[in-house]
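Written out below as C-alpha cells is the structure these notes cover.
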Amino acid sequence: MGDDHVCTYDKNPLIPQVCKIIFIEQETPDVKTFRFQTLDGKKPFAPLPGQLGMLSLLGTGEAMFSITSQGEDYIEISIKRCGLLTEALHEAEVGQLVGLRGPYGNHFPLKEAEGLDLLFVGGGIALAPLRPFINYVKANREKFKHVDILYGSRSPEDLVFKRELFEAWPTMPDTNMHVTVDKGAAGYEGNVGFVPTYMEELAFSPEGKMVVLCGPPIMIKFCLQALFRMGFSKEQVITTLEMRMKCGIGKCGRCNIGSKYVCVDGPVFSMAEIDELPDEK
Amino acid sequence: MSVIKEWEPKILVFTCNWCTYTGADLAGLNRMKYPENVRLVRVPCSSRVNPQFILRAFMKGCDGVLVCGCHPGDCHYVSGNYFTRRRFMLMQRLLEYNGVDPARFQARWISGSEAAKFRDTMIRVSKEIKALGPNTKFREDWYVKEAIANEPSK
Amino acid sequence: MLLDKKRLKEALAILSRDAKVLVPMEVDGVAKFTPWDGQKLPSLDMINTTLPPKDALFPQTEKMYNFTTGPNAQIAEVQGTEKQVLFGVRSCDARSIDCMDKAFLTGTFGDSFYSKKRENLTIIAVGCVKTGPFCFCDSMGLDPSSAPNADVQLADLGDAYAVTAQTERGTAVLDQWKSLLTEGEGDAPKPKCVLQVSVPEDFPKKLMGMFEHPIWDEVSKPCLGCGTCTYVCPTCYCFDINAEKHGHEGTEFRCWDSCMFSDYARMAGGHNPRPSKKERVRNRYLHKLAYFHEQHGQLLCVGCGRCVQKCPSNMDITRFIDMAGEAMNNG
Amino acid sequence: MSQVNEMQAQLRKVAAELLENDTVGYIIGWGATRFPDRTTPVFIHEAKDADKLMWNEYCVNGLAKYVLDDKIKAKKIGICIRGCDSRAINRLIIDNQIKRENVYLIGLPCEGKADKIKCGKCAHKNPVIHDVLIGDLVAETPVTDRFKAVEDQEKLTSDEKHAYWKGVYDKCIRCFACRNVCPVCSCKECFADQYRVGWQGKQNNSTENWNYGLTRSYHVGDRCVECGECERVCPMDLPLMLQNRKMLKDINELFGDYECGLSEEDRAPILGDYDLSDRDEFM
C-alpha cells in the first residue's frame with residue numbers, strides 16, 4: 001500500500017537501540033501493554049499507524065510487534081503471552097532495558113481513507129494494530145466520515161484497551177461502538193456472540209465505506225464471508241498479515257507470501273492484493 | 001599488592017536427590033570439608049541426566065563433570081540407575097574417543113549414608129581435574145578465553 | 001593483456017599485499033574458496049568448488065553486535081571489514097554475487113553488513129575451459145566463459161591467461177600487475193554445457209500460475225527436508241538471527257538458514273504456514289524461478305549444478321524445470 | 001549384469017501385479033534421473049508406471065525413511081528393500097513408528113552398490129524380512145573389519161583424537177542431511193531444531209557442530225542399522241560412521257553381540273533397556 005517507508009535512524013537497520021520500559025499495564029490476564037523510551041528520554045522512532053517494531057530481549061530473542069500507540073516521548077506495544085519470548089517479556093519490570101528497532105513495513109492507507117465511512121473490525125489482541133489508526137481518526141476527525149468500531153474478544157475480561165473502548169472512542173463524534181464477547185460473564189451487559197455474526201446483525205451498508213479488519217485467521221475468514229454477503233467488495237477491505245520475521249528489512253526470506261515480503265510490502269494489504277498472492281497463510 | 005589466585009577448575013556434579021544429595025547433606029552436617037570448586041546440581045534421579053547436559057557443560061566452560069546416584073538396586077524409582085549405568089558407560093567411552101580425557105567425565109554411586117565417600121570422591125576428582133588443567137576441548141571460544149585469562153601464570 | 005601462468009603466484013602475491021585473497025582450493029577434502037597460503041597454486045582446473053564463494057560476503061555465521069544485559073545494557077555493532085579478493089570465480093558464482101547484490105542492496109533497506117563487505121571485494125573471474133556433468137549455466141542465460149559483473153576477467157589460453165579489466169577496480173588490479181603482464185590477446189575457449197535445459201518463454205510468470213499444480217506433490221516427494229541444496233547454493237541468502245549469551249554478555253549473530261527446515265517459518269504459538277515438504281520445496285523452487293524474477297528481473301538460479309550434485313536423494317532442479325515446462329505446454 | 005536385468009524385469013512385473021490387484025497403494029522404489037550413474041526415489045501409484053522402477057548398481061539411496069512420510073496409510077505401502085533397508089524397517093517396527101501390516105516389503109538381495117564406502121562393510125546383503133523376494137538370495141560373507149577403523153582411531157592419543165574430530169566438525173555445515181536421511185532418526189521434533197529452547201545453538205562452529213554430531217551419534221548409536229546413509233549423503237564427506245561404529249563397538253563389548261534390526265522381535269534399544277548383570281564401573 002503506501003510507499004513512504006520511514007526509518008528514523010540512519011545507521012544499520014539491523015542494529016537495535018537500547019530502550020527502557022517506562023510503564024507496564026496489564027490489559028487482560030494474558031496481555032500487557034509496554035511503554036518504551038530511549039535512554040535519553042526520547043521516542044525511539046515515529047511509526048505510522050500499522051507499522052511494526054522489532055523488540056529484542058537481549059539474549060533471549062527478537063520478535064516483531066505492531067506499534068499500538070505513541071506519545072511525545074514513547075511508543076507502546078501490546079503483547080500477548082504465547083511463546084518463549086513473550087513469556088519472558090511478561091516477566092519484565094519497569095526500568096528494564098530492551099533493544100528496539102524499526103519502524104518496519106507499510107502503514108494503513110490514511111490518505112485513501114479520507115472522506116470515507118470507516119468500519120474497524122478487530123478480534124482479541126488484534127485491536128492492537130487498529131488502535132493507532134482509530135486514534136489517528138480521532139485526532140483528525142474532520143477528515144473522515146462516519147466511524148463504526150466492532151470489537152470482540154473471548155470474554156469480557158479479555159477485552160483490551162478498555163479505557164478507549166468504553167470511554168475515549170464512544171465519545172468521538174459520529175461514532176458507533178459495537179463490543180461483543182464470545183462468552184458473557186457476570187456484570188457484563190453488552191452483546192454476546194461471535195464477531196462475524198454480530199457484524200451481520202448490525203447490517204453495515206457497503207456504500208462509501210472502508211473496512212479495516214484484523215483478527216485471528218478464523219475470524220477473518222468468516223468476517224470476509226459476512227462482508228461479501230453484505231455486498232462489500234474486496235477492494236474495500238483492508239487487513240494485516242502475519243508471518244514469522246527475523247530481519248524486518250525484506251532480506252532474511254521467511255516472511256514471503258509469493259513474491260511479497262510481509263515485513264516490507266505489508267503488513268497492511270487490501271483483500272484485493274491478497275487475492276493476487278498465492279494461498280499460503 | 002595483588003594476590004595471584006590459583007586456578008581452580010569448575011566441576012559440575014549431578015547428584016541424585018535420594019542418595020548422593022543426602023550423602024552430601026550428611027557430609028555437611030558432619031562438617032566434612034570438600035573442595036569449593038565442586039558445584040552440585042540436584043536431580044530427581046541420576047537417570048534424569050541427559051547425556052547432552054554433559055556436552056553442554058563442557059561447551060559452557062566446565063572442566064569436569066560427575067554424575068552421582070544411588071547404588072544399583074537402591075534406586076528410589078527401582079530401575080533408574082540401571083539405565084544410568086548403561087548410558088554413561090557408553091558416554092564415557094564416546095567422550096574419550098572424541099579426545100576428552102576420561103577423568104573429566106566420571107560417574108559414581110554414593111548412597112545417603114556415604115558422607116565420607118562423597119567427600120573423598122570430590123577431593124579425588126577435584127585433584128585429578130586440577131592436575132589436568134582447564135579443559136579447552138570443545139569449549140566455546142568465549143569460555144576458552146575466560147579459561148586462558150584465569151590460568152595461573154607459569 | 002596476457003598473464004603467463006608461471007607468474008600466477010607473483011600475481012597472487014601482489015594482490016595479497018593489501019587484501020585477503022580467496023582462491024579455490026581443496027582443504028581437508030572440501031573444495032572451497034579459502035585464503036591463499038602463499039604457496040600452493042589455486043586449483044583452477046576444478047569445475048566448481050563444493051561450497052560456493054558466498055561465505056566471503058555472507059558468512060555462515062556473522063556477528064552483528066555485542067551486547068550486555070542488565071541495568072547498563074549496551075549494544076555495540078561489530079566493526080571491521082577487510083579487503084578481499086575472490087580469485088578464480090566461475091561465471092556462475094560471479095552471477096550469484098550479482099543476485100545477492102540485488103537481494104541485499106536494493107529495496108527499502110540496504111543491508112549494511114553485506115554492503116560493507118561488498119564494497120571491499122574485488123572479483124577476478126576465470127572463464128571455464130570445460131564444463132562439468134552438472135553444469136547448466138548457459139541454459140540459465142549465462143556464458144561459462146565470461147562474467148560481466150566481475151572486476152577482472154581471465155580467459156585460459158593454455159600457457160597464459162588473457163586478462164581484461166571490466167571495472168575501475170579491475171583496472172586498478174591490472175595496474176598492480178603491470179610488471180607481470182605482456183601485450184597480446186587470444187581467443188578464449190567457448191565451452192558449452194552438456195546438461196541443457198529448455199526454459200520456456202515467460203517461465204517465471206507461468207510458474208507463478210502453477211501454485212496449486214499437482215506437480216509440487218510429485219517433485220517434493222523424494223525431498224528429505226535437509227538443507228544441503230540451500231547451503232551449497234551460491235545464491236541462497238536466507239538467514240536467521242540468533243544470540244549467543246554468556247551471563248550478562250552476548251553476541252547477536254546471523255547465520256545461514258534454510259527454507260527447507262521445518263522450523264524455518266514456524267511462528268510463536270506453533271502455526272506453520274509451510275507445514276510439509278511440499279510447501280517448502282514449492283517455496284524454494286518458486287523463489288529461485290519466479291518470485292526473485294518478479295522482484296529483480298532475473299532468475300535466482302545460476303546453473304552451477306551444486307544442488308543437483310549434492311542432493312541426498314538426487315533431486316534435480318533442471319528436471320523440475322523441464323517437467324514444469326511440459327506441464328505448461330499441456331495447459 | 002544380466003541377472004540384475006532379470007531382477008529388474010521381475011521387480012517391475014511384481015510391482016505391476018501388486019498395484020493391479022490393489023495389494024498396495026503405491027510402491028517406493030528407485031527410478032531414473034538425468035544421469036546414468038544416479039537414481040532417485042520414485043513413488044509408483046499405477047501399474048502402467050511400474051516400468052519406471054529400476055534395479056541396478058546405482059540404486060544407492062535408502063528408502064525406509066519415506067515410509068514415515070505417509071501419515072494416512074490408507075493402503076499398504078509397497079517398498080523395495082535391500083538388506084540395509086530391511087533392517088531399518090525392522091527397527092521402525094520395533095520403535096513403533098510403523099506397523100508391519102502397513103507395509104508390503106519387496107525384498108531385493110543386493111551384492112553391494114556403486115558406493116563402496118556405504119556398502120563396504122555390509123554383513124546382510126539379503127533382506128532379513130520380506131513379503132516377496134525378487135531374484136535369488138546371494139551369498140553373505142562375514143565382515144571381519146567392522147570395527148577396524150574404530151580400533152585404529154582408538155589408538156590415537158587424547159589430543160590427536162580431539163584434533164581429528166575438531167577437524168571433522170569444523171567442516172560440518174549442519175545441513176542436517178545425515179539426520180534427515182537416517183531411517184532411525186524418527187523423532188517428531190529433533191533437539192537440533194529447538195534453537196529457541198537452547199538444546200542447540202544455531203551458530204556454526206566446531207563446538208556447536210560437535211554438540212549436534214555427538215548427540216546424534218549417541219542418540220541413534222544403539223539403533224544404528226549401519227546402512228551408511230549418513231556418510232553417503234554428507235556433502236562435506238565427513239566420516240560419520242566412524243562415530244556411530246564406536247557406539248556399536250562398545251555396545252558389543254559391554255552388552256554382548258549386537259546387530260540392530262535383524263528381526264521384528266528384536267531386543268529393545270540397548271539404552272532403553274538394562275540388565276541387572278551389566279558390568280559396573282561406577283562403584
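Throughout, protein chains are lettered first and strands after them, A, B, ... in sequence-line order, and every chain is numbered starting at 1. Both backbone and side-chain heavy atoms feed into the values below; hydrogens, waters and symmetry mates do not.
Atom CD1 of D:Ile117 has 12 or fewer neighbouring heavy atoms from other residues, nucleotides or ligands inside a 6.0 Å radius. In D:His162, the NE2 atom is crowded: over 12 heavy atoms of neighbouring residues, nucleotides or ligands sit closer than 6.0 Å. Annotation: C:His248, atom NE2; neighbour count of heavy atoms from other residues, nucleotides and ligands within 6.0 Å does not exceed 12. Counting heavy-atom neighbours within 6.0 Å of D:Lys121 NZ, excluding the residue itself, gives a total above 12.
In this structure, C:Asp263 CG and D:Cys190 SG are separated by 10.0 Å, a value rounded to the nearest 0.5 Å. Taking CG of C:Asp28 as the reference point, atom CE of D:Met236 lies at 12.0 Å (rounded to 0.5 Å). In this structure, CD in D:Gln203 is found 7.0 Å from OG1 in C:Thr61, a value given to the nearest 0.5 Å. Separating the CD atom in C:Glu218 from the CZ atom in D:Phe43 is a distance of 10.5 Å, to the nearest 0.5 Å. From D:Tyr66, atom OH reaches atom SG of C:Cys223 across 7.5 Å, with rounding to the nearest 0.5 Å.
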>> As a quick check of understanding, evaluate salt bridge (Lys or Arg N to Asp or Glu O under 4.0 Å) for C:Asp316 and D:Arg38, giving each step before the final call.
In response: CA-CA 11 Å; C:Asp316 182 343; D:Arg38 298 175 146 219; over 6 Å; no
>> Walk me through whether D:Phe35 and C:Leu195 qualify under side-chain contact (heavy atoms from CB on, under 4.5 Å).
In response: CA-CA 10 Å; D:Phe35 309 94; C:Leu195 194 54; 4.0 Å; yes
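When the candidates D:Asp170, D:Ile173, D:Asn205, D:Val233 are compared by the number of heavy-atom contacts under 4.5 Å with chain C, D:Ile173 comes out ahead. Among C:Pro222, C:Cys255, C:Pro59, C:Gly227, the residue making the largest number of heavy-atom pairs under 4.5 Å with chain D is C:Pro222. When C:Thr230, C:Val232, C:Asp322 are compared by the number of non-hydrogen pairs under 4.5 Å with chain D, C:Asp322 comes out ahead. Contact tally against chain D (heavy-atom pairs below 4.5 Å) for C:Lys32, C:Gln309, C:Glu62, C:Arg306: the top residue is C:Gln309. Counting heavy-atom pairs under 4.5 Å between each of D:Pro235, D:Gly62, D:Gly198, D:Cys175 and chain C puts D:Cys175 at the top. Chain D forms the most heavy-atom pairs under 4.5 Å with one residue out of C:Val27, C:Thr251, C:Asp257, C:Thr50, and that residue is C:Asp257.
Using a 4.0 Å cut-off between charged side-chain N and carboxylate O, C:Lys221 and D:Asp69 make no salt bridge.
The shortest side-chain heavy-atom distance between C:Met315 and D:Thr33 does not fall under the 4.5 Å cut-off.
For D:Arg174, the part sitting under 4.5 Å from any heavy atom of chain C is the backbone (N, CA, C, O) and nothing else. Heavy-atom distances place no part of C:Arg254 under 4.5 Å from chain D, backbone and side chain included. Neither the backbone nor the side chain of D:Gln194 comes within contact range of chain C, judged by heavy atoms closer than 4.5 Å. Contacts between D:Lys171 and chain C at a heavy-atom distance below 4.5 Å involve the side chain alone, from C-beta outward. At a 4.5 Å heavy-atom cutoff, the contact between D:Asp193 and chain C is made by backbone and side-chain atoms alike.
Of the possible donor and acceptor atoms, none in the side chain of D:Asn204 sits under 3.5 Å from a partner among the backbone N and O of C:Gln60. Between the D:Asp237 side chain and the C:Val30 main chain, no donor and acceptor come within less than 3.5 Å of each other.
Residues C:Asn314 and D:Thr40 approach most closely at O-OG1, 3.8 Å, considering heavy atoms. Nearest heavy-atom pair across C:Thr228 and D:Ala177 is OG1-CB, 3.4 Å.
Side-chain contact check for C:Thr318 and D:Arg34: at least one donor-acceptor pair (N or O, by modelled atom type) lies under 3.5 Å.
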